[in-house]
Amino acid sequence: MDHKGVKAITHASAFFAPFLVPLLVWLLMPDREIKSMALQALLFHVGIGVLITISGIFSYILIGIPFLIVFALMGIYYPIKGVVYSLQGRPFHYPIIGSLVG
């Protein structure tokens, strides 16, 4: 069974519940592929959150501003790409996280 909607909502959760939705999907869905994708999304959201926080702290001394911009753009771009790929039925893996979890 293809769970396009669940996959799309899990990726889109970056904009409304970045930790809760992937965690619930990972805990409740029996399909191994969906569990892997939800874990990737969860780890990506946590990682981007940590990187944005660190960059925000370092932006006070102006070193972190370029990193803050890059990580913020990554935090927007990759979930949108994941939603589009999910709705098209194509596999999607987050960068770096996908190779560790997949």
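Just so it is clear, the structure is predicted and the values come from calculations on it, not from any experiment.
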Verify the cluster assignment for Leu73 and Ile80: are they in a single hydrophobic cluster under the rule of side-chain heavy atoms below 4.5 Å apart? no

Nearest 0.5 Å please: distance from the CG atom of Leu20 over to the NE2 atom of His45. 11.0 Å

Please give me the minimum heavy-atom distance between Met29 and Lys35, naming the atom from each residue. O-CE, 3.0 Å

Treat each ILVMFWY residue as a node, draw an edge where side-chain heavy atoms are under 4.5 Å apart, and state whether Tyr85 and Met74 are in one component. yes

Linking I/L/V/M/F/W/Y whenever their side-chain heavy atoms sit closer than 4.5 Å, directly or via other members, would Met37 and Leu39 fall into one cluster? no

Nearest atoms (heavy-atom pairs only) where Ser86 meets His11: OG-CD2, 3.1 Å

In terms of heavy-atom contacts, does CZ of Phe15 have more than 12 from other residues, nucleotides or ligands at under 6.0 Å? yes

Hey, what's the ring geometry for Phe44 with Tyr94, parallel, tilted or perpendicular (30° and 60° as the breaks)? parallel

Non-hydrogen side-chain atoms of Phe71 and Thr53 separated by less than 4.5 Å: no

Closest heavy-atom contact between Ser13 and Pro22? OG-CD, 3.4 Å

Nearest non-hydrogen partners of Thr10 and Val25, listed with the distance: OG1-CG2, 3.5 Å

Closest contact, heavy atoms only, Leu87 versus Ala8: CD2-CB, 3.9 Å

Quick check for you: to the nearest 0.5 Å, what is the distance between Ile65 atom CD1 and Ser55 atom OG? 10.5 Å

Shortest non-hydrogen separation from Phe92 to Gly82 and the atoms involved: CD2-CA, 3.6 Å

If you apply the rule side chain to side chain contact (heavy atoms under 4.5 Å, CB included), what do you find for Glu33 with Lys7, and how did you get there? CA-CA 10 Å; Glu33 178 187 354; Lys7 291 179 184 178; 2.9 Å; yes

Go through it in stages, so that I can follow the logic: the residues are Phe16 and Val21, the test is side chain to side chain contact (heavy atoms under 4.5 Å, CB included), and I'd like the CA-CA distance, side-chain angles, deciding distance and then a yes or no. CA-CA 9 Å; Phe16 60 90; Val21 173; 3.8 Å; yes

Kindly indicate, with the supporting measurements, whether the criterion side chain to side chain contact (heavy atoms under 4.5 Å, CB included) is fulfilled by Phe19 and Val46. CA-CA 7 Å; Phe19 308 118; Val46 168; 3.5 Å; yes

Without swapping roles, check the side chain of Ser59 against the backbone of Gly56 for a donor-acceptor pair under 3.5 Å. yes

Should Leu42 and Trp26 be regarded as members of a common hydrophobic cluster, given that ILVMFWY residues are connected when their side-chain heavy atoms come within less than 4.5 Å of each other, either directly or indirectly? yes

Would a hydrophobic clustering, with Ile, Leu, Val, Met, Phe, Trp and Tyr connected at side-chain separations under 4.5 Å, put Ile9 with Leu27? no

